[in-house]
J.: 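I have a structure I would like to understand better, so I am pasting it below and will then ask my questions one at a time.
Remember, it's a predicted structure, so these values are computed and weren't measured experimentally. Chain letters run A, B, ... following the sequence lines, proteins first, then strands; residues in each count from 1.
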There are 2 protein chains.
Amino acid sequence: MNSDFTLAIHSLTLLALQPDRMSTSEYIAESAGVHPVRIRKVLSLLKKNGFITSKEGTGGGFIFALELDQVNLWDIYQITSEGALQPKCTESNGQCIVGANMKSVLFTIFMGAEEHLGLYLKDYTIKEVVELVKQKEA
Amino acid sequence: MNSDFTLAIHSLTLLALQPDRMSTSEYIAESAGVHPVRIRKVLSLLKKNGFITSKEGTGGGFIFALELDQVNLWDIYQITSEGALQPKCTESNGQCIVGANMKSVLFTIFMGAEEHLGLYLKDYTIKEVVELVKQKEA
DNA sequence: TTTACTGTAATGAATATTATTACAGTAAGC
DNA sequence: GCTTACTGTAATAATATTCATTACAGTAAA
C-alpha cells in the first residue's frame with residue numbers, strides 16, 4: 001500500500017481544524033512532510049468524491065465540504081486504496097492444481113478480508129480522528 | 001506488503017496435497033512461478049515456527065508437520081507479514097498539532113485494524129484453502 | 001497585469017521487492 | 001570415500017513501485 005490513505009486522513013484532519021479558511025497544498029504538505037504536488041494529487045481524489053472543495057487562484061486552497069462525522073476511514077480507504085490488500089500473485093503454473101487455482105482462491109479470500117476491514121474502518125470518522133489527535137496533544 | 005504471505009499459503013497448500021513425500025523448493029517454485037531461493041526463504045520462516053519440517057540432501061525437501069486444520073491464515077500472516085498494514089508515515093512537522101500526533105493516532109488505529117483482520121483470517125485454515133482449490137478445479 | 005494558487009503530466013530519484021549467483025552444509029546411494 | 005541432490009543463507013543484480021521534482025497551463029484576486 002502506498003501512503004495515499006494516510007495522507008488523505010492527515011489532510012482531512014488538518015482541514016477539519018481549519019473550518020473557516022482555505023488551506024493551501026503547501027501548508028498541508030509542510031504538516032505532513034511531503035511534496036505539495038503529492039498532496040494535490042491525493043486531494044483531487046477527495047474532491048472528486050465530494051469530501052472537500054477547492055479554489056484556484058490567490059487566496060485559494062482546500063476546505064472541508066461535509067460535516068466531520070460524515071466522512072469515515074472506510075470511505076477514504078475505498079477512494080485511495082481499494083484493492084490494496086489484494087495480493088500480487090505472479091502468473092503461476094497452470095499445469096498444477098494449486099498453481100492453476102490459488103490465484104482465484106486468494107482473490108476471494110482477500111476480497112472478504114477487505115470487506116471485513118471495512119466494518120472496522122467505518123467506525124472511525126474524521127470527527128473521531130480529530131478527537132484522538134487532540135487527546136494525544138493534551 | 002510483499003508476497004511472502006501468499007507464497008507461504010501457496011507452499012503449504014501444495015505440501016498439504018503431498019502428505020506422504022517431501023517436496024523440493026524447485027517443485028514448489030515451479031508451481032508458484034517464482035525462484036526456488038525465494039521459496040526456501042519463506043519456508044524457513046514456516047519451519048522456524050513448526051508448521052513444516054525439512055530435510056537436506058538427496059531425497060530431501062519440505063513436508064507438512066501438523067494437521068491441515070491446525071494452521072490458519074492468521075498464523076501465517078503473523079509469521080510472514082505482521083505490521084504490513086501499518087502505514088509508513090514520513091516524519092512530519094512536530095510544530096503542527098496534526099503533524100505531531102497523527103503518526104501515533106494512525107498507529108493505534110492500524111493496530112486495531114490488524115487485530116480485526118486477524119479475526120477474519122483465523123477462520124481460514126489450510127484445510128479450507130485446500131477445499132477451495134479443489135472446488136475451483138472441479 | 002501581476003501574484004498566488006490549483007491541476008496534471010512527465011521525468012528522475014529513492015526505495016522496496018524479487019531474481020540470481022555463489023557456496024557451505026547435509027544426507028543418500030553407489 | 002565420492003558423487004549427486006538437496007537445504008540454508010549471504011551477497012549482489014535486476015526490476016517494480018513509490019515519491020519528489022520540474023514544468024507549465026488554467027484560474028481568480030488585488
Side-chain angles (χ1 to χ4, degrees), chain A residues 1-8 10-11 14-15 18 21-49 51-65 80-81 83-93, chain B residues 1-8 10-11 14-15 18 21-49 51-65 80-81 83-93:
Chain A
M1 184 151 52
N2 65 23
S3 55
D4 285 2
F5 183 39
T6 54
L7 277 179
H10 192 122
S11 301
L14 206 56
L15 295 186
Q18 310 282 336
R21 53 174 162 178
M22 305 211 103
S23 305
T24 67
S25 62
E26 191 179 346
Y27 168 70
I28 300 168
E30 188 158 351
S31 168
V34 299
H35 199 278
V37 172
R38 190 143 156 56
I39 293 292
R40 297 208 286 274
K41 269 185 212 155
V42 172
L43 292 196
S44 86
L45 294 172
L46 297 177
K47 183 186 174 184
K48 257 182 216 147
N49 286 273
F51 296 140
I52 60 175
T53 57
S54 69
K55 214 178 76 174
E56 300 184 10
T58 301
F62 302 89
I63 196 163
F64 222 103
T80 58
S81 308
L85 241 57
Q86 216 46 239
K88 31 180 184 292
C89 293
T90 60
E91 210 42 59
S92 50
N93 187 346
Chain B
M1 185 150 53
N2 64 22
S3 55
D4 284 2
F5 183 39
T6 54
L7 277 179
H10 193 123
S11 302
L14 206 56
L15 295 186
Q18 310 282 336
R21 54 175 163 178
M22 305 211 103
S23 305
T24 68
S25 62
E26 192 179 344
Y27 167 70
I28 301 168
E30 187 159 351
S31 169
V34 299
H35 198 278
V37 172
R38 190 144 155 56
I39 292 293
R40 297 209 285 274
K41 268 185 211 154
V42 172
L43 292 196
S44 86
L45 293 172
L46 296 176
K47 183 186 174 184
K48 257 183 216 146
N49 287 271
F51 296 139
I52 60 175
T53 57
S54 70
K55 214 179 75 173
E56 301 184 8
T58 301
F62 301 90
I63 196 164
F64 222 102
T80 58
S81 309
L85 242 57
Q86 215 47 240
K88 30 181 186 289
C89 293
T90 61
E91 211 42 61
S92 51
N93 188 346

J.: Going by side chain to side chain donor-acceptor pair (under 3.5 Å), name the residues that satisfy it together with Arg38(A), two or more places apart in sequence or in a different chain.
T.: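 For Arg38(A), the residues satisfying side chain to side chain donor-acceptor pair (under 3.5 Å) (neighbours in sequence not counted) are Ser3(A), Asp4(A).
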J.: Scan nucleotides 9-14 of chain C nucleotide by nucleotide, 5' to 3', and note B when protein non-hydrogen atoms come under 4.0 Å of the base, S if they reach only the sugar-phosphate, - if neither.
T.: BB----
J.: Tell me what Lys47(B) touches on the nucleic acid: a base, only sugar-phosphate, or nothing, going by heavy atoms under 4.0 Å.
T.: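 Sugar-phosphate, no base atom in range.
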J.: Roughly, in whole Å, what's the span from CD1 in Ile52(B) to P in dT7(D)?
T.: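 From Ile52(B) CD1 to dT7(D) P: 10 Å.
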J.: Closest-nucleotide mapping onto DNA chain D: is Lys88(B) or Ser54(B) further toward the 5' terminus? I mean the 5' end.
T.: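 First, find each residue's nearest nucleotide; the 5'-ward one identifies Ser54(B).
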J.: Scan for salt bridge (charged side-chain N to carboxylate O under 4.0 Å, His left out) pairs involving residues 21-37 of chain B, sequence neighbours excluded, and state none if there are none.
T.: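 The answer is none; no pair qualifies.
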J.: What pairs with Phe51(A) under ring-ring contact (aromatic ring centres under 6.0 Å, His included), at least two apart in sequence or on another chain?
T.: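 In terms of ring-ring contact (aromatic ring centres under 6.0 Å, His included), with neighbours along the sequence ignored, Phe51(A) is linked to no residue.
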J.: So how far is it from Leu45(A) CG to Leu7(A) CG, rounded to the nearest 0.5 Å?
T.: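 Going from the CG atom of Leu45(A) to the CG atom of Leu7(A) covers 11.0 Å.
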J.: Grab the CZ-C1' distance between Arg38(A) and dT6(C) for me, whole Å please.
T.: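 Taking CZ of Arg38(A) and C1' of dT6(C), I get 17 Å after rounding.
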J.: Could you work out, with side chain to side chain contact (heavy atoms under 4.5 Å, CB included) as the rule, every residue matching Ser31(A), not counting sequence neighbours?
T.: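 Per chain and number, Ser31(A) pairs via side chain to side chain contact (heavy atoms under 4.5 Å, CB included) with His10(A), Leu14(A), Cys96(B), Val98(B).
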J.: Quick one: list whatever passes side chain to side chain donor-acceptor pair (under 3.5 Å) with Ser25(B), sequence neighbours left out.
T.: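 With sequence neighbours excluded, Ser25(B) shows a side chain to side chain donor-acceptor pair (under 3.5 Å) to Arg40(B), given in chain and number order.
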J.: From CG of Leu45(A) over to P of dG7(C), roughly how many Å is that when rounded to an integer?
T.: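 Rounding to the nearest Å, CG of Leu45(A) and P of dG7(C) are 11 Å apart.
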J.: Figure out the CD1/C1' separation between Ile39(A) and dT8(C), and round it to whole Å.
T.: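 Going from Ile39(A) (CD1) to dT8(C) (C1'), I get 16 Å.
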J.: For DNA chain C, which residues of residues 21-36 of chain B approach it to below 4.0 angstrom with any heavy atom?
T.: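 Those residues are Val34(B), His35(B).
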J.: Please report, rounded to the nearest Å, how far the C1' atom of dC23(C) is from the CZ atom of Arg40(B).
T.: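 In whole Å, dC23(C) C1' lies 11 Å from Arg40(B) CZ.
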J.: Between Leu7(B) (CG) and dT17(C) (C1'), how many Å, whole number?
T.: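 About 12 Å, once rounded to whole Å.
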J.: Do any N or O atoms of the protein come closer than 3.5 Å to N or O atoms of nucleotides 25-30 of chain C, and which pairs are they?
T.:
from, atom 1, to, atom 2, distance (Å)
dG25(C), N2, Glu56(B), OE1, 3.0
dG25(C), N3, Glu56(B), OE1, 3.3
dT26(C), O4', Glu56(B), OE1, 2.6
dT26(C), O2, Gly57(B), N, 3.3

J.: Whether Ser44(A) contacts dT6(C) is assessed here as follows: a side-chain N or O lying under 4.0 Å from the phosphate OP1 or OP2. Is that the case?
T.: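 Looking at the OP1 and OP2 atoms of dT6(C), neither is under 4.0 Å from any side-chain N or O of Ser44(A).
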J.: Please report the shortest heavy-atom distance between Phe64(A) and Leu15(A), naming the atom on each side.
T.: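 It is CD1-CB, 4.0 Å.
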J.: Find out whether Leu85(A) and Leu85(B) are in side-chain contact, i.e. whether some heavy atom of one side chain is under 4.5 Å from a heavy atom of the other.
T.: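 The answer is yes, as the side chains (C-beta and beyond) meet within the 4.5 Å cut-off.
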J.: Who are the ring-ring contact (aromatic ring centres under 6.0 Å, His included) partners of Phe5(B), not counting sequence neighbours?
T.: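 Residues passing ring-ring contact (aromatic ring centres under 6.0 Å, His included) with Phe5(B): Phe110(A), Tyr77(B).
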J.: Can you give each donor-acceptor pair under 3.5 Å made by side-chain atoms of residues 53-63 of chain B, sequence neighbours left out, with the distance rounded to 0.1 Å?
T.:
from, atom 1, to, atom 2, distance (Å)
Ser54(B), OG, Lys47(B), NZ, 2.9

J.: Work out which heavy atom in Ile52(A) is nearest to a heavy atom in Leu43(A); give both atom names and the distance.
T.: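 Heavy-atom minimum between the residues: CD1-O, 3.5 Å.
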